[in-house]
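Input: a single structure, listed below in structure tokens.
Letters A, B, ... are given to chains in the order of the sequence lines, protein chains preceding strands, and every chain is numbered from 1. Please read all numbers here as calculations on a predicted model, not as lab measurements.
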There are 2 protein chains.
Amino acid sequence: MNAGRKKTFDTQEALDKATKLFWLNGYSGTSISDLTATLGINKPSLYNAFGNKEHLFQASLDHYMKHYGSPRWEKLNVSEEIPLEHRLKAFLQAVIKLVTDPGLPQGCLFVKSTCDSNSHALPEAITQTLKELASNNLTALEAVLRKERAAGSIPPTVDIDQMATYLASVLYGIAVLARSGSSADSLQKAADMAVSTLLQHKG
Amino acid sequence: MNAGRKKTFDTQEALDKATKLFWLNGYSGTSISDLTATLGINKPSLYNAFGNKEHLFQASLDHYMKHYGSPRWEKLNVSEEIPLEHRLKAFLQAVIKLVTDPGLPQGCLFVKSTCDSNSHALPEAITQTLKELASNNLTALEAVLRKERAAGSIPPTVDIDQMATYLASVLYGIAVLARSGSSADSLQKAADMAVSTLLQHKG
DNA sequence: GCAATTCTGTACCAGTCGGTACATTTATCA
DNA sequence: TGATAAATGTACCGACTGGTACAGAATTGC
């Protein structure tokens, strides 16, 4: 079972490095040579560990959502006793901190990749994955809002889908602005504004 | 002066086709072969007419802003007698119509390209151009808001930069959502909400 | 020690990339 | 009718693309 030569690299570490490279340069902007250089391994090792470029990207997307995306989304569900406005602000603040983190690529891998979907710069299977992830995001927002509406902190007349789409647009727009160099500070002010009057909104 | 063989194609038509191809597939996702095939011309003709890939992309960005972007932005300045709310909604409605137009690539070339900036999937000069375009967009929004504030239709305490960044995030987010397949209808509802949120905001 | 197993490094594959040299065709001007 | 100018089609360039064959190195169980 444990026979054979030992791996000289850690698969998870390599996956994280690959994720950051895709995050920075995108799918078609990242070559296998870029990857092997950054990961410090040779091509056969890479192909043995991750299959091919498309599989590696899928794994990177998954890794990104689990390790960079989800921790921010948890801010929305931390506790229903905290007012929705505070949770939304905390969520967006955490997102802004991520997408402007100087130690990480600017912006968001999901948003960036979504802009590549439905093109032949991206394999169809990846476009499909991205569509599912987008749907999951909207569903998560809707679930939070629905709970709030049931709890009475949001008017019963409010259109949940509308509000979720609105929040998603602010969320994704922030990622684009971060990529274009906007400061965390100005993004935070915009995010506060996006949330501030949300609760006053009458369906 | 008029000596020499006649061109067999129209430069502007070819530029528009190239723009749509970049719009669909992005800079690094569009090859010279793709371009010559779609434009129906050979490589020497393409290089003679547009320089090289980078120059062609710069020209495409310019063409895009002039022929697809600007007409929408004009909705903001159509007349100061029309209430800001109506102009903002008309602006966003026109943008949504563009980014979801079934006869055009989904989303926005500027937003898509911005997500590629600061990466080696894009020449540095193009990243610089995109940064300038982003700055122009923010400045245009700020100018509109400043006028409104001076005219008294927006509270004098309002932070113009904050409001402009907020609008930009909604605007860019809509382009991302369009690319991921959101319907014009749901985007329109989200945009309406964004506008009413903005108008309810008190500095 | 010795097979079996697994990873590593090198060297290579066909195909495509952006870009160009060059000869040819088509036009204008003298 | 040339001479000149400009656009065309073909054929090619070195570099890079994603991907792999193969030999050798390292580890295990027997």
With 3.5 Å as the limit, what N/O pairs link the protein to nucleotides 23-25 of chain C?
from, atom 1, to, atom 2, distance (Å)
dT25(C), O2, Arg5(B), NH1, 3.1

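Contacts between residues 113-120 of chain A and DNA chain D, defined by a heavy-atom separation under 4.0 Å, are absent. Applying a 4.0 Å cut-off to non-hydrogen atoms, the residues of residues 7-18 of chain A that approach DNA chain C are Lys7(A), Thr8(A), Phe9(A), listed by residue number. Less than 4.0 Å separates DNA chain D from at least one heavy atom of each of the following residues of residues 30-48 of chain A: Thr30(A), Ser31(A), Ile32(A), Ser33(A), Lys43(A), Pro44(A), Tyr47(A).
For the pair Leu61(B)/Leu130(B), a side-chain contact is recorded, criterion being any heavy-atom separation below 4.5 Å from C-beta on. Counting heavy atoms from C-beta on, the side chains of Leu145(B) and Arg149(B) never come closer than 4.5 Å. Using a 4.5 Å heavy-atom cutoff, the side chains of Tyr64(B) and Cys108(B) are in contact. Put simply, the side chain of Trp23(B) does not reach to within 4.5 Å of the side chain of Thr30(B), judged on heavy atoms.
In this view, Tyr68(A) and Asp16(A) satisfy the side-chain hydrogen bond (donor to acceptor under 3.5 Å, both in side chains) rule, not counting sequence neighbours. Partners of Lys6(B) under the side-chain hydrogen bond (donor to acceptor under 3.5 Å, both in side chains) rule, at least two apart in sequence or in another chain, do not exist in this structure. The side chain to side chain contact (heavy atoms under 4.5 Å, CB included) test applied to Ala14(A) returns Phe9(A), Leu39(A), Phe50(A), not counting sequence neighbours.
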Stepwise side-chain contact (heavy atoms from CB on, under 4.5 Å) test for Leu56(A) and Phe22(A): CA-CA 10 Å; Leu56(A) 174 54; Phe22(A) 282 129; 3.9 Å; yes
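Here the side chain of Ser182(B) pairs no donor or acceptor atom with the backbone of Leu187(B) at under 3.5 angstrom.
Residue pairs satisfying the salt bridge (charged side-chain N to carboxylate O under 4.0 Å, His left out) criterion with at least one member in residues 118-144 of chain A, sequence neighbours excluded, are listed as follows: Glu142(A)-Arg146(A). Pairs of residues two or more places apart, or lying in two chains, that qualify as salt bridge (charged side-chain N to carboxylate O under 4.0 Å, His left out) and include a residue from residues 172-195 of chain A are Lys189(A)-Asp159(B).
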Which pairs would a plain distance check flag for residues 111-123 of chain B, meaning a side-chain donor or acceptor within less than 3.5 Å of a matching protein atom at least two apart in sequence or in another chain?
from, atom 1, to, atom 2, distance (Å)
Lys112(B), NZ, Cys115(A), O, 2.7
Lys112(B), NZ, Asp116(A), OD1, 2.9
Ser113(B), OG, Leu109(B), O, 2.7
Thr114(B), OG1, Phe110(B), O, 2.8
Asp116(B), OD1, Lys112(A), NZ, 2.9
Ser117(B), OG, Thr114(B), O, 2.6
Ser119(B), OG, Asp116(B), O, 2.8
Ser119(B), OG, Ala121(B), N, 3.0
His120(B), NE2, Gly29(A), O, 3.3
His120(B), NE2, Asp34(A), OD2, 3.1

Donor-acceptor contacts, no H, no angles, side chain residues 87-94 of chain B, under 3.5 Å, sequence neighbours left out:
from, atom 1, to, atom 2, distance (Å)
Arg87(B), NE, Ser79(B), O, 3.3
Arg87(B), NE, Ile82(B), O, 2.9
Arg87(B), NH1, Leu76(B), O, 2.9
Arg87(B), NH2, Ile82(B), O, 3.3
Arg87(B), NH2, Glu148(B), OE2, 2.3
Lys89(B), NZ, Glu85(B), OE2, 3.2

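Lys97(B) and Asp101(B) are not joined by a salt bridge, as no carboxylate oxygen comes within less than 4.0 angstrom of a charged side-chain nitrogen.
Of the two residues contacting DNA chain C, namely Gly4(B) and Tyr27(B), the nearest-nucleotide position lying further toward the 5' end is that of Tyr27(B).
Residue-environment remark: NZ (Lys7(B)) exceeds the threshold of 12 foreign heavy atoms within 6.0 Å.
Between the P atom of dG19(C) and the NZ atom of Lys53(B) lies a distance of 8 Å, rounded to the nearest Å. Taking atom CG on Leu56(A) and atom P on dG19(D), their separation rounds to 10 Å, with Å as the unit.
Look at Lys6(A) and you won't find any side-chain N or O under 4.0 angstrom from OP1 or OP2 of dA26(D).
Helix bend of the helix from dG1(C)-dC30(D) to dA30(C)-dT1(D): the angle between its two end axes, each built from five pairs, comes to 0° after rounding to 10°.
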